[in-house]
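Below you'll find the structure, written out as C-alpha cells, and then a few comments.
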There are 2 protein chains.
Amino acid sequence: MLVLLVEDNRLLAKNIIHYLELKGIECDYAESIMQADSAVFSRIFDAIILDLNLPDGDGLEACKRWKDQCVISPVIMLTARSGLQDKLSGFEVGADDYLIKPFAMPELVARLKVIAERRPAPKLLKIGELEFDFAGHRVHRLGEELLLSRTGWKILSLLARRSPETVEREEVERLLWPDCLPDSDSLRSHMHLLRKIVDKPYKHHYLHTVRGIGLCLKVAACEA
Amino acid sequence: MLVLLVEDNRLLAKNIIHYLELKGIECDYAESIMQADSAVFSRIFDAIILDLNLPDGDGLEACKRWKDQCVISPVIMLTARSGLQDKLSGFEVGADDYLIKPFAMPELVARLKVIAERRPAPKLLKIGELEFDFAGHRVHRLGEELLLSRTGWKILSLLARRSPETVEREEVERLLWPDCLPDSDSLRSHMHLLRKIVDKPYKHHYLHTVRGIGLCLKVAACEA
DNA sequence: GTCAAATCACGTCAAAATCACGTCAAGAAG
DNA sequence: CTTCTTGACGTGATTTTGACGTGATTTGAC
C-alpha cells in the first residue's frame with residue numbers, strides 16, 4: 001500500500017511515516033499543496049492523508065480540485081477543525097473520511113485500510129463526444145475506443161482533467177519529461193500523432209492550440 | 001438509496017428514519033439481530049447502520065458473520081463505545097465506518113453517502129468465466145480449478161479486485177516485492193506463466209496488457 | 001505610421017533510435 | 001521437486017529527431 005501524506009508539521013509527519021512503515025505501509029510525503037499537486041498527478045496512491053492547514057493554501061480547495069479533476073485516490077482528512085460544519089465541508093468537497101486531531105495512530109491505520117480497499121466505483125468524464133475512464137486508462141469517442149500510446153494518453157488525460165482550461169505548453173512538457181525538458185520540441189510531434197487519432201477521423205475537433213500559450217481540449221463552439 | 005437501520009432504541013430509530021427520509025434516503029428497520037439477519041440476507045442494502053448493543057446479541061458478532069458470508073453492503077457502526085479498542089474491534093470485524101453516539105444527523109448522512117458509493121471488497125467474485133475465492137486463495141475457470149503459484153495468485157487476485165481497472169505495472173511490482181523493486185523485469189516472466197494457466201487453454205483471454213501503463217483483467221468486449 | 005524582412009510558433013512528415021513486450025530456457029532458491 | 005529469477009532474443013510499437021512549409025508577429029528603417 002502506498003499513501004501520500006500531506007502535512008506541514010514535520011515532527012508529526014515523521015511520526016506518522018514511521019508508524020505507517022512499521023505497519024508495512026509505504027509513504028510519500030508532501031509538505032505543501034504545491035508539492036502534493038505534483039505528487040497526486042504523477043502517480044496513483046492507495047490513499048491520501050490530507051492536513052487542512054497548509055502554508056500555501058487550504059486543503060479543502062485542493063481536495064475539491066483533485067476530485068473535480070478525477071483523481072481516483074481516496075482522501076482522508078486529518079485536522080484539528082472539529083466542528084460539525086467543518087466535517088460537512090470536508091465531505092462536501094469529496095473527502096472519503098475525516099479524522100480529528102489529536103488522533104490515535106491505530107485508528108488512522110484502520111481507516112486507511114478501509115478506504116484503500118474499498119475504492120469508489122470509477123466515474124466517467126464526458127467532454128462532448130469524448131468519454132474518459134481514468135481508472136481504466138481508456139478514452140472512447142462516440143463509443144469507439146481510441147487506441148493511444150502512453151504519451152498520447154498522458155497528454156489527453158491532462159487536457160481532459162483541465163478542460164476547458166488552456167494548459168501551458170511547459171506544464172504539459174513537465175508532465176511528460178519531469179526530469180529534464182527535451183532540447184528539441186518533440187511535443188509537437190506527439191500532438192500531431194494525437195490529433196491523427198482523436199480529431200482527424202471525426203467532424204468536430206476538440207484539440208485546440210492557443211498560440212503562444214498552450215493547448216486545450218474543449219467542445220467546439222459550433223457543436224454546442 | 002436504501003439503508004438498513006439496526007437499532008433497538010425506538011425513539012432514536014424513529015428520529016433517524018425521519019431524518020433520512022427527509023434527505024431522500026429510504027430506510028428499512030430492524031430492532032434486533034434476528035430481524036436484521038433476515039433483512040440482510042433477503043435484499044441488498046446500500047448501507048447498514050448498526051448499533052452494537054442489541055437485545056439478542058452483540059453487533060460486532062453479527063457484522064463479522066455478515067462479512068464472512070459475503071454480504072457486500074457496507075456497515076457503519078453507531079455506538080456509544082468510544083474507546084480506541086472498541087473502534088479497532090469494529091474495523092477488525094469489517095466495519096466500513098464507526099460513528100460515536102451522540103452524533104449529528106448530517107454527519108451520519110455524509111458518511112452514509114461516502115460508504116454507499118464505495119465498491120465493496122468481496123470474498124467471492126465472478127468475472128466472466130472466472131470465479132475467485134479470496135478467502136481460500138483459489139480460482140476456478142468454468143468450474144475447473146486453476147493451480148497457481150503463490151506469485152501467480154497474488155498477481156491475479158490483485159487484478160481481479162481491481163477489475164476492470166488497469167493496474168499500473170509499478171503497483172503490481174510493489175505488491176510482489178514490497179521492499180525493493182527488482183532490477184530485472186521478472187514480472188514479465190510471471191505474466192507469461194500466469195497466462196499459460198489462465199488464458200492459453202481457453203477460448204477467451206482475460207489478461208490484457210495496456211502498453212506503457214500496466215495490466216488489467218476483464219471480460220473481453222467480444223464475449224459480452 | 002507603414003511596409004518588408006526577419007523571426008517565431010506551429011503543423012506536417014518520415015527515418016532512426018529506443019523501448020515495451022512476449023517468449024523461452026537455464027540456473028538459483030526454497 | 002516446484003517455484004522464482006535472470007538474461008537473451010525477436011518483434012513491433014513508440015518516441016525522438018530533424019527537416020520543411022506556412023502563416024502570424026515583431027522589428028526597424030523609412
Side-chain angles (χ1 to χ4, degrees), chain A residues 137-139 145-159 166-202 204-217 220, chain B residues 137-139 145-159 166-202 204-217 220:
Chain A
H137 295 263
R138 292 133 61 74
V139 212
E145 179 164 4
L146 304 179
L147 296 166
L148 302 176
S149 68
R150 181 240 260 301
T151 311
W153 165 258
K154 277 192 183 173
I155 298 174
L156 195 62
S157 60
L158 172 64
L159 296 181
T166 297
V167 182
E168 289 181 24
R169 244 191 138 63
E170 197 205 311
E171 189 176 346
V172 182
E173 292 185 329
R174 272 208 316 273
L175 171 79
L176 294 171
W177 304 283
D179 320 310
C180 56
L181 270 47
D183 40 345
S184 89
D185 176 9
S186 71
L187 176 56
R188 272 223 312 288
S189 296
H190 285 291
M191 285 308 298
H192 181 229
L193 261 10
L194 193 53
R195 285 189 158 109
K196 211 152 68 180
I197 298 172
V198 175
D199 273 344
K200 286 286 164 64
Y202 299 88
H204 303 295
H205 287 197
Y206 286 96
L207 289 164
H208 305 276
T209 299
V210 182
R211 202 188 158 79
I213 310 285
L215 303 158
C216 83
L217 182 132
Chain B
H137 291 223
R138 294 147 155 273
V139 212
E145 179 163 4
L146 303 178
L147 295 165
L148 300 176
S149 68
R150 209 162 48 86
T151 312
W153 165 258
K154 278 191 186 173
I155 298 174
L156 195 62
S157 60
L158 172 63
L159 296 181
T166 299
V167 182
E168 290 181 21
R169 246 193 138 63
E170 195 204 311
E171 191 175 345
V172 182
E173 291 184 332
R174 273 208 316 274
L175 171 79
L176 296 173
W177 305 283
D179 320 309
C180 57
L181 270 47
D183 41 345
S184 90
D185 177 7
S186 71
L187 175 56
R188 273 223 312 287
S189 297
H190 285 289
M191 285 308 298
H192 184 228
L193 263 9
L194 194 52
R195 285 190 158 109
K196 213 152 64 178
I197 298 172
V198 176
D199 273 344
K200 287 284 163 67
Y202 300 88
H204 302 295
H205 288 197
Y206 287 96
L207 289 163
H208 304 275
T209 299
V210 182
R211 204 187 156 82
I213 309 283
L215 302 158
C216 83
L217 182 133

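Naming convention: chains lettered A, B, ... in sequence-line order (proteins, then strands); numbering from 1 in each chain.
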| request: Mind checking B:Trp177 for me? I need base, sugar-phosphate or nothing, with any heavy atom below 4.0 Å counting as a touch. | output: sugar-phosphate
*Look at all strands and tell whether A:Ser186 reaches a base, only sugar-phosphate, or nothing, counting heavy atoms closer than 4.0 Å.*
base
Result for 5'-nearest mapping on DNA chain D, choosing between A:Thr151 and B:Leu187, is B:Leu187
Of all heavy-atom pairs linking B:Thr166 and B:Gly214, the shortest is CG2-C, 4.0 Å
Sorted by chain and residue number, the side chain to side chain contact (heavy atoms under 4.5 Å, CB included) partners of A:His192 (sequence neighbours excluded) come out as none
Enumerate donor-acceptor pairs with a distance under 3.5 Å from any side-chain N or O in residues 150-159 of chain B to protein atoms, sequence neighbours excluded.
residue	atom	partner	partner atom	Å
B:Trp153	NE1	B:His137	ND1	3.3
B:Ser157	OG	B:Trp153	O	2.8
B:Ser157	OG	B:Lys154	O	3.2

So salt bridge (charged side-chain N to carboxylate O under 4.0 Å, His left out) across residues 184-199 of chain A, not counting sequence neighbours, yields A:Arg141-A:Asp199, A:Arg169-A:Asp185, A:Asp185-A:Arg188
Exercise for review: Apply side chain to side chain contact (heavy atoms under 4.5 Å, CB included) to the pair A:Met191 and A:Leu207, showing each step before the final yes or no.
Suggested key: CA-CA 9 Å; A:Met191 285 308 298; A:Leu207 289 164; 4.2 Å; yes
Sorted by chain and residue number, the side chain to side chain donor-acceptor pair (under 3.5 Å) partners of B:Glu173 (sequence neighbours excluded) come out as none
Hits for side chain to side chain donor-acceptor pair (under 3.5 Å) against A:Glu168, two or more places apart or cross-chain, chain-then-number order -> none
Heteroatom pairs (N/O) under 3.5 angstrom, protein to nucleotides 20-25 of chain C:
residue	atom	partner	partner atom	Å
C:dA20	O4'	B:Arg211	NH2	3.1
C:dC21	OP1	B:Gly212	N	3.0
C:dC21	OP2	B:Arg169	NH1	3.3
C:dG22	OP1	B:Arg195	NH1	3.1
C:dG22	OP1	B:Arg195	NH2	3.4
C:dG22	OP1	B:Thr209	OG1	2.6
C:dG22	N7	B:Arg188	NE	2.7
C:dG22	O6	B:Arg188	NH2	2.7
C:dC24	OP2	B:His192	NE2	3.4
C:dC24	N4	B:Ser189	OG	3.3

Contact span of DNA chain D against chain B, any nucleotide atom under 4.0 Å from a heavy atom, 5' to 3', runs D:dT3 to D:dT14
When the rotation axes relating C1' atoms of four end pairs to the next four are compared across the helix from C:dG1-D:dC30 to C:dG30-D:dC1, five pairs an end, they differ to 10° by 60°
